[in-house]
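All residue numbers refer to positions in the sequence shown, counting from 1. What you are looking at is a predicted structure, and each value in this text was computed from that prediction instead of being measured.
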Amino acid sequence: MTAQLKLEKQGHIAVVTMSNPPANTWTRDTLAGLRDMVRELNDDKAIYALVITGEGEKFFSAGADLNVFASGDKGVAADMSRIFGEAFETLSQFRGVSIAAINGYAMGGGLEVALACDIRIAEAQAQMALPEAKVGLLPCAGGTQNLSWLVGEGWAKRMILCGERLTAEKALQIGLVEEIVEKGQSLEAAISLAKKVEEQSPVAVSACKTLIQKGRTGTIDSALPLERELFVTLFDTQDQKEGVNAFLEKRKPNWVNG
């Protein structure tokens with residue numbers, strides 16, 4: 001945890017807050033911090049879900065500070081693109097459920113961090129864009145790939161190639177976000193959803209997430225045998241026995257994440 005990237009644990013939920021006013025921009029240090037934080041949360045068996053949001057009322061995150069790229073230094077560009085990729089790919093591979101509470105403007109790398117999450121909840125006033133081409137750049141932290149997967153090639157091209165900015169309502173219509181809430185309610189809604197994750201077996205959730213995301217890189221023919229294999233693998237866990245027996249005994253399961 002740093003001054004610009006805050007971590008609070010609420011039971012089985014980790015709440016990560018981007019805190020770099022005025023626009024919660026990413027720096028090399030905060031990106032490395034996010035990467036390391038998610039790795040540590042992966043090792044914490046008590047954490048089942050992660051919620052990420054921005055501090056303040058106006059910005060979720062405006063992405064990278066363009067001053068970093070003003071010199072045109074290719075070495076700086078290579079280093080920043082690498083750390084952006086490491087941070088958001090690590091977030092994408094978080095073993096639990098990740099939820100973005102989009103409380104304001106989500107621009108460039110600020111939208112890309114939300115795209116790396118499993119679920120996105122946006123406040124009604126939020127706006128989203130990947131405007132990198134307007135300044136001679138491109139979304140290098142998963143934007144071209146994750147956005148296309150979520151909303152389809154046509155809308156991805158409108159946003160990236162035409163620089164179109166979306167309202168929360170339009171983002172909901174095209175599947176970029178899964179829910180819209182009133183201003184100031186995104187974090188509460190995200191935590192409420194994260195609490196539902198606590199009712200699920202953490203090891204089962206992790207296996208399910210792996211299978212769902214495999215569709216992005218593999219074929220259904222390769223995923224279906226793996227689905228059956230991971231189903232059987234769950235029988236090596238305590239949670240499988242606990243879950244079935246708790247249901248049969250009409251009681252709440254006591255997950256151990258193993």
Side-chain angles (χ1 to χ4, degrees), residues 7-16 34-53 85-101 113-121 142 145-146 148-151 175-179 187-258:
L7 172 64
E8 178 188 1
K9 294 181 181 180
Q10 301 181 15
H12 296 296
I13 304 166
V15 178
V16 178
L34 178 67
R35 176 198 63 198
D36 296 343
M37 187 178 289
V38 175
R39 287 174 178 171
E40 290 174 9
L41 292 172
N42 272 331
D43 293 333
D44 186 345
K45 285 196 170 187
I47 296 298
Y48 302 166
L50 181 161
V51 172
I52 186 165
T53 193
E86 286 182 4
F88 295 173
E89 286 163 33
T90 300
L91 176 60
S92 229
Q93 293 157 13
F94 173 61
R95 58 159 174 74
V97 177
S98 54
I99 305 170
V113 70
L115 293 172
C117 292
D118 299 315
I119 300 164
R120 285 147 295 280
I121 297 174
Q145 304 306 300
N146 291 333
S148 301
W149 181 260
L150 281 172
V151 305
L176 176 53
V177 303
E178 284 71 45
E179 184 180 355
L187 181 57
E188 181 182 342
I191 290 174
S192 178
L193 185 59
K195 286 181 178 177
K196 293 183 179 180
V197 178
E198 296 180 2
E199 301 172 11
Q200 315 276 87
S201 159
V203 290
V205 164
S206 182
C208 290
K209 178 173 173 175
T210 296
L211 288 162
I212 293 168
Q213 294 191 172
K214 187 173 177 59
R216 300 186 178 195
T217 56
T219 65
I220 191 169
D221 289 337
S222 64
L224 289 174
L226 180 61
E227 189 178 63
R228 297 189 289 272
E229 179 185 334
L230 292 183
F231 174 80
V232 174
T233 300
L234 289 175
F235 282 75
D236 293 327
T237 70
Q238 295 181 55
D239 277 356
Q240 179 277 320
K241 299 175 184 66
E242 171 64 11
V244 172
N245 284 287
F247 176 81
L248 294 174
E249 295 166 9
K250 296 182 172 57
R251 60 176 175 81
K252 186 177 180 180
N254 180 30
W255 306 123
V256 297
N257 198 4

Could you tell me whether the side chain of [X] and the main chain of [Y] form a donor-acceptor pair under 3.5 Å?
X      : Y      : value
Asp239 : Asn257 : yes
Arg95  : Ser206 : no
His12  : Ala46  : yes
Glu8   : Val15  : no
Trp255 : Gln200 : yes
Lys241 : Phe235 : yes
Lys9   : Ile47  : no

Taking the side chain as every heavy atom from C-beta outward, state whether [X] and [Y] have any atom pair closer than 4.5 Å.
X      : Y      : answer
Asp118 : Ile99  : no
Leu226 : Leu211 : yes
Ile52  : Cys117 : yes

Inter-residue atom distance Leu224.CG - Thr219.OG1, 0.5 Å rounding: 8.5 Å

Take a 6.0 Å sphere around CG of Leu248 and say whether it holds more than 12 heavy atoms from other residues, nucleotides or ligands. yes

Does atom CD of Gln10 have more than 12 heavy-atom neighbours from other groups under 6.0 Å away? yes

Between Arg216 and Asn146, do the side chains contain an N or O donor and an N or O acceptor separated by less than 3.5 Å? yes

Any salt bridge between Lys252 and Glu242, counting N to O under 4.0 Å? no

Under the side-chain hydrogen bond (donor to acceptor under 3.5 Å, both in side chains) test, which residues partner Arg39, sequence neighbours left out? none

